[in-house]
Amino acid sequence: MTEIRELLLSRIRDVADYPEPGVMFKDITPLLADPAAFTALTDALAEIAERTGATKVVGLEARGFILGAPVAVRAGLGFIPVRKAGKLPGATLAQAYDLEYGSAEIEVHAEDLNPEDRVLIVDDVLATGGTAEASVELIRRAGAEVAGLAVLMELGFLSGRARLEPALNGAPLEALLTV
């Protein structure tokens, strides 16, 4: 696993002062552009899906779509997008949550999940945990069980894990990298 972590870290670019001064943005586009690194990432996340007994993968908009869809295919599971409010047609189930400055809302097609489903949530970064926490609540409200949450990278200094672990209620939270 150390070898994979080193490969992934070597393909993540730091961009200073983006999107605002003082922020060090972790750009994963070089990782996605490298087929060996993207495959290693997909394989590692698919292994988590298999280990947790997931039956479906939920990807959080937008980079969670990029990571979650190939994970679902690799693990032989269905993929469910969790989108920003107003982006899905038809009947949806919504969950509001607070941001640092304001609030937001995410949605899912409730009929895509059922009580037999064990869902692995996949995203690129765990920061403050707000979106992930809202997705946990949304999945449970749709009647499914949360099998766990898997991210490429956890920004440990933002304490998202501490916020999220109570909501996960014992389901694993796995980050391939912690920065």
Side-chain angles (χ1 to χ4, degrees), residues 4-5 8-9 11-13 19 23 25-32 37-38 40-52 54-75 77-85 87-88 94-100 104-109 112-113 117-140 142 144-169 171-179:
I4 292 171
R5 284 188 181 106
L8 298 177
L9 273 173
R11 301 304 189 273
I12 296 171
R13 177 177 55 180
V23 173
F25 184 77
K26 299 293 187 182
D27 181 14
I28 68 166
T29 58
L31 187 157
L32 300 174
F38 195 15
L41 172 59
T42 301
D43 289 346
L45 292 172
E47 191 275 321
I48 293 169
E50 291 166 8
R51 189 170 3 102
T52 61
T55 60
K56 295 214 172 120
V57 172
V58 155
L60 305 182
E61 189 165 343
R63 288 180 298 266
F65 297 172
I66 296 168
L67 303 184
V71 167
V73 169
R74 180 68 43 94
L77 306 174
F79 176 77
I80 311 295
V82 167
R83 306 257 358 232
K84 294 174 185 170
K87 300 287 185 179
L88 289 171
Q95 181 71 40
Y97 62 102
D98 291 328
L99 297 168
E100 192 173 346
E105 192 172 45
I106 54 175
E107 296 179 330
V108 68
H109 282 136
D112 291 341
L113 295 169
D117 284 323
R118 290 182 43 80
V119 178
L120 177 68
I121 302 163
V122 172
D123 205 4
D124 65 328
V125 174
L126 174 61
T128 63
T131 307
E133 183 180 38
S135 69
V136 167
E137 294 306 315
L138 189 58
I139 289 163
R140 289 191 179 128
E145 180 183 347
V146 175
L149 177 99
V151 296
L152 164 60
M153 183 174 14
E154 178 179 352
L155 304 180
F157 61 93
L158 291 176
S159 304
R161 180 177 291 268
R163 174 182 184 168
L164 197 53
E165 283 183 332
L168 284 169
N169 198 24
L173 166 53
E174 297 197 40
L176 298 178
L177 304 170
T178 301
V179 294

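Annotation: salt bridge (Lys or Arg N to Asp or Glu O under 4.0 Å) contacts involving residues 146-156, sequence neighbours excluded, comprise Glu154-Arg161.
No side-chain heavy atom of Arg118 sits under 4.5 Å from any side-chain heavy atom of Ile139. Residues Val151 and Leu149 have side chains in contact (heavy-atom distance under 4.5 Å, counting atoms from C-beta outward). Between Leu31 and Leu8 there is a side-chain heavy-atom pair separated by less than 4.5 Å. Contact check for Leu113 versus Lys56: side-chain heavy atoms found under the 4.5 Å cut-off. Side-chain contact check for Leu41 versus Arg11: every heavy-atom pair is 4.5 Å or farther apart. In this structure, Val179 and Leu155 have side chains that are in contact, with non-hydrogen atoms separated by less than 4.5 Å. Side-chain contact between Val146 and Val119: absent, with no pair of heavy atoms (C-beta onward) separated by less than 4.5 Å.
Residues passing the side chain to side chain donor-acceptor pair (under 3.5 Å) test with Thr42: none are found, sequence neighbours excluded. Applying the side chain to side chain contact (heavy atoms under 4.5 Å, CB included) rule to Asp112 yields the partners Ile80, His109; only residues at least two apart in sequence or on another chain are considered. For Glu47, the side chain to side chain donor-acceptor pair (under 3.5 Å) partners two or more places apart in sequence, or in a different chain, are Arg51. Residues passing the side chain to side chain donor-acceptor pair (under 3.5 Å) test with Asp124, sequence neighbours excluded: Arg63. Legend: residues meeting salt bridge (Lys or Arg N to Asp or Glu O under 4.0 Å) with Glu50, ordered by chain and number and at least two apart, are absent. Listed by chain and number, the residues in a side chain to side chain contact (heavy atoms under 4.5 Å, CB included) with Arg163 are Thr128, Glu133 (sequence neighbours excluded). Scanning for salt bridge (Lys or Arg N to Asp or Glu O under 4.0 Å) contacts around Glu107 gives an empty result, with sequence neighbours left out. Evaluation of the side chain to side chain contact (heavy atoms under 4.5 Å, CB included) rule for Val73 yields no partner, not counting sequence neighbours. Residues satisfying the side chain to side chain contact (heavy atoms under 4.5 Å, CB included) criterion with Thr29, sequence neighbours excluded, are Arg13, Asp27. The side chain to side chain donor-acceptor pair (under 3.5 Å) search around Thr131 returns Tyr97, not counting sequence neighbours.
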Query raised in the report: Between Val136 and Leu168, does a side-chain contact (heavy atoms from CB on, under 4.5 Å) hold up when you go through it step by step?
Result: CA-CA 7 Å; Val136 167; Leu168 284 169; 3.8 Å; yes
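The CD1 atom of Ile12 sits 5.0 Å away from the CG atom of Leu177 when rounded to the nearest 0.5 Å. Considering CG of Leu9 and NZ of Lys26, their distance stands at 8.0 Å, rounded to 0.5 Å. Taken from OG1 in Thr178 to CZ in Phe157, the straight-line distance is 11.5 Å, to the nearest 0.5 Å. Atom OG of residue Ser135 and atom CG of residue Leu164 lie 7.5 Å apart, to the nearest 0.5 angstrom. The CG atom of Leu126 lies 13.0 Å from the CD atom of Glu174; values are rounded to the nearest 0.5 Å. Put simply, CG on Leu45 and CG on Leu176 are 5.0 Å apart, with the number rounded to the nearest 0.5 Å.
Shown here for Ala75 and Ala49, the closest heavy-atom pair between the two residues is CB-CB, 4.2 Å. When all heavy atoms are compared, the tightest approach of Phe65 to Gly59 is CE2-O, 3.3 Å. Between Ala72 and Gly78, the closest heavy-atom pair is CB-O, 3.8 Å. Between Val108 and Pro81, the shortest heavy-atom distance links the atoms CG2-O, 3.9 Å. Between Pro172 and Thr52, the shortest heavy-atom contact is CG-CG2, 3.9 Å.
For Glu61 (side chain) and Lys84 (main-chain N/O), a donor-acceptor pair under 3.5 Å exists by modelled atom type.
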